[in-house]
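Following: one structure in structure tokens, then a few remarks.
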Amino acid sequence: MNNIILHTDSNIRNTFFFEIGIGISANSFLLLFYIFKFTRGHRTRLTDLPIGLLSLTHVLMLLVMAFIATDIFIYWRGWDDIICKFIVYLHRILRGFSLCTTSLLSVLQTIILSPRSSCLAKFKHKSPHHISCAILLLSIIYMLISSHLLVSITAISNLTTNDFIYVTQSCSILPLSYHMQSMLSTLLAIRDVFLLSLMVLSTWYMVALLCRHRKKAQHLQGTNLSPKASPEQRATQTILMLMSFFVLMSILDSIVSCSRTMFLNDPTSYSIQLFVVHIYATVSPFVFMSTEKHIVNFLKSMCNKCLCLH
């Protein structure tokens, strides 16, 4: 078994745990802000619920990943089949929930930005209940697609073959038959293409609307454009930034994943893949917080107090 145990450099391990710590802290802060906003009865936007759910998902995903990373970088005890199946499947489900929620968030922002004459305008007054149902439906579909992990994930101590894919020092994925692997790959490809297509189409539509709005403003005001963007425009720019970043990370994840497939169980490519997969969960809360005036003002006041103390 020594040939599959990852001898990871301590710098990579510390960087990975630092990423997880920052991500958990930032998402927890953002989640508490939205909980406070909901409980105090403040005016909410159509995108507030998905952003809150996305923060909660990222907190749980990073916590589970921290638990997995302990068995990758710090071998402390072996897991049995039940723990392996539960932890790895839960992490995969949370990643899928993050993907579904991010896609829905881009669609909702497109609906918010769409003009009244658009066919999308009728969806602007949908309740959070409809949004929750949409997220739940997408997540259930993803759970069904990933259910094969409950069979293929197993504890390394129970293996009698070396033909498996490394997950942690305690868990591995058993190889599937060619037909089963082809079917699962097709389903996963359809899912990814569908959700990423929603993001790309939403992004294209939002960019087109923003360009049209800018041309109208130039026509009405000449070259003297208002330096301040509307709240809808700022929110749209935030979503566009996140969608672009998410797609970029997805492409990078695919490249690293292919590299790992070519060099099976390579410690370096596996560590890089784990780091890349969770960059979006770590960075996204900071982007959302930068658009919330209450959070920005609170952080500014905290910084001023710290400077005064020093």
Side-chain angles (χ1 to χ4, degrees), residues 1-6 8 13 16-17 20 23-24 53 56-101 135-192 195 253-254 256-257 260-261 264-267 269-271 273-278 280-281:
M1 301 302 295
N2 291 332
N3 62 328
I4 64 167
I5 297 178
L6 297 179
T8 309
R13 182 190 65 226
F16 187 71
F17 279 109
I20 292 176
I24 291 174
L53 287 175
L56 176 60
T57 301
H58 287 163
V59 169
L60 296 176
M61 184 175 73
L62 291 170
L63 285 172
V64 173
M65 190 61 232
F67 193 60
I68 293 175
T70 302
D71 195 55
I72 294 175
F73 299 109
I74 308 170
Y75 187 75
W76 57 293
R77 67 177 182 179
W79 293 345
D80 58 20
D81 269 355
I82 296 176
I83 295 178
C84 282
K85 293 178 188 298
F86 175 74
I87 294 298
V88 176
Y89 182 67
L90 178 61
H91 181 258
R92 183 67 65 88
I93 292 305
L94 290 170
R95 281 187 61 188
F97 198 81
S98 173
L99 173 60
C100 295
T101 308
I135 296 175
L136 183 61
L137 178 61
L138 290 173
S139 301
I140 289 175
I141 295 174
Y142 185 85
M143 289 173 66
L144 293 175
I145 295 176
S146 302
S147 60
H148 72 282
L149 290 174
L150 296 174
V151 177
S152 58
I153 291 290
T154 185
I156 288 180
S157 59
N158 294 337
L159 295 178
T160 57
T161 175
N162 291 325
D163 189 19
F164 57 87
I165 300 175
Y166 179 92
V167 177
T168 72
Q169 294 192 40
S170 299
C171 312
S172 289
I173 300 179
L174 289 172
L176 299 173
S177 65
Y178 174 78
H179 296 291
M180 181 63 70
Q181 185 63 45
S182 299
M183 183 184 70
L184 290 173
S185 298
T186 303
L187 289 174
L188 291 173
I190 292 173
R191 179 213 65 188
D192 290 341
L195 294 176
D253 178 30
S254 299
V256 177
S257 180
R260 190 190 172 205
T261 302
L264 188 62
N265 294 332
D266 175 61
S269 61
Y270 186 57
S271 301
Q273 184 181 14
L274 289 176
F275 183 81
V276 169
V277 162
H278 298 90
Y280 174 72

Inset, instruction - With Met65 as reference, evaluate Leu274, Leu60, Leu94 under the side chain to side chain contact (heavy atoms under 4.5 Å, CB included) test and give the passing residue. - result: Leu274
Legend entry - Main-chain N/O of Thr154 paired with Asp81 side-chain donor or acceptor, under 3.5 Å: no
Legend entry - Heavy-atom closest pair, residues Phe16 and Ala69: CE2-CB, 3.4 Å
Inset, instruction - Compare every heavy atom of Leu62 with every heavy atom of Ile20, then report the nearest pair and how far apart it is. - result: CG2-O, 3.5 Å
Legend entry - From CE (Met61) to CZ (Arg92), nearest 0.5 Å: 12.5 Å
Legend entry - Residue Leu144 excluded, over 12 heavy atoms near CG under 6.0 Å: yes
Legend entry - Heavy-atom closest pair, residues Thr57 and Phe97: OG1-CD2, 2.8 Å
Inset, instruction - Could you grab the distance from atom CZ of Phe86 to atom CD1 of Ile153, nearest 0.5 Å is fine? - result: 13.5 Å
Inset, instruction - Evaluate side-chain contact (heavy atoms from CB on, under 4.5 Å) for Arg95 paired with His91, printing each intermediate quantity in order. - result: CA-CA 6 Å; Arg95 281 187 61 188; His91 181 258; 3.5 Å; yes
Inset, instruction - For the residue pair Ile87 and Phe67, establish whether any side-chain heavy-atom pair is separated by less than 4.5 Å. - result: yes
Inset, instruction - Specify the closest pair of heavy atoms between Cys84 and Ser170, including all atoms of both residues, with the distance to one decimal. - result: SG-O, 3.7 Å
Legend entry - Interatomic distance, Cys171 atom SG to Asp80 atom CG [nearest 0.5 angstrom]: 8.5 Å
Inset, instruction - Take Trp79 and Asp71 through the side-chain contact (heavy atoms from CB on, under 4.5 Å) test and state the conclusion after the steps. - result: CA-CA 9 Å; Trp79 293 345; Asp71 195 55; 3.6 Å; yes
